[in-house]
Amino acid sequence: MTDIQTVERLEVTVNTPAGPLTTPVEVPTGLISVTEIVPLLRRLGEQAQALEERKALAAGQRISCRKGCAACCRMLIPVSAPEAYRLRDTISQMPEERRNAALDRIAQAQRRLEAAGMLTRLSEIAETQRQWSDADMEPINRAYFALRMPCPFLVDETCSIYEDRPAACRELQVTSPAEWCQDPVTNPVQALPVPLRAGTALGLLWSDLVGGPIRFIPLPLALAWADRHAEGARLKWKGSHLLEKALDQVWRFLTHTRTED
Ligand code: SF4
């Protein structure tokens, strides 16, 4: 059981390409699982994204994303292993009727992927020890989007797990007309830069903690992956140690991004 009786209060400062950000952090002094560090990294990602948005607005740009426009909820969303475990917790805590409906939609999505001949390839991406590059993923992302299949968590064109949606869902913001996102292959969609990809940092963290590649699990397969690898969700680390490791990966991500620039 997680020791949440005492917490350490810290302030974390991160220099992102969009500017520096400082955020207060509370970390349990006892043992915690990796799912408990997920909200912090997502928060850092969102705060960095807010800095980027402010820069864009100051430069006279306008964010076109609006509630009810869920074009990006038909894209292949990559989920890090810690987020897959977190998603499993989210689903298990839903009231029964809602949980069953979510499980039905996940099963439907998997059947559709199978019918489209994509399920085996996506399972390979989730399970193999191979590192999948952006170039490997590009044709897969295109084929997935061509299905126009809504995310299993999209209900009435609204995210049904909004507070706990994956980091990747928090990152796409466009300044080009929203309708262009219906066909991003043909249209020159202008997306804001993403100063800190929290999902990638979480993927790096998991790889550092347990070894193996930086795993990206296609969202419709995330629950099945977390069930198959349930032992990972039971691993515990001292809160301060996990926080330090997570911040190391944030810095590693940011350094790598700067080097690429
Ligand atoms: S989790 Fe929510 S925001 Fe992300 S793709 Fe699914 S419906 Fe959209």
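All ligand and atom numbering here is 1-based and tracks the order in the structure. Quantities reported herein were computed from a predicted structural model and do not represent experimental measurements.
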In terms of relative ring orientation, are W206 and W237 parallel, tilted or perpendicular, with 30° and 60° separating the classes?
perpendicular
Minimum heavy-atom distance T35-S33, with the two atoms named
OG1-OG, 2.8 Å
Counting only heavy atoms closer than 4.0 Å, does ligand 1 sit against the backbone of P150, its side chain, both, or neither?
neither
Same apolar cluster (I L V M F W Y, side chains within < 4.5 Å links), L21/V12:
yes
Any chain of hydrophobic side-chain contacts (each under 4.5 Å) joining L221 to I161?
no
Looking at D164 and R42, does any basic side-chain N land under 4.0 Å from a carboxylate oxygen?
yes
Heteroatom N/O/S of C73 within less than 2.8 Å of atom 6 (Fe) of ligand 1
no
For P166, the ligand 1 atoms whose distance to one of its heavy atoms is below 4.0 Å:
1 (S)
Considering the heavy atoms of C159, write down every atom of ligand 1 situated less than 4.0 Å from one of them.
1 (S), 2 (Fe), 3 (S), 7 (S)
May I ask you to list the atoms of ligand 1 that are less than 4.0 angstrom from any heavy atom of F153?
7 (S)
Under 4.0 Å from one or more heavy atoms of L154, ligand 1 contributes atoms 7 (S)
Would the distance check show the side chain of R148 and the main-chain N or O of F145 forming a donor-acceptor pair, the cut-off being under 3.5 Å?
yes
Under 2.8 Å from atom 4 (Fe) of ligand 1 - does any N, O or S atom of C169 fall there?
yes
Atom indices of ligand 1 within 4.0 angstrom of I77 heavy atoms, with elements
5 (S)
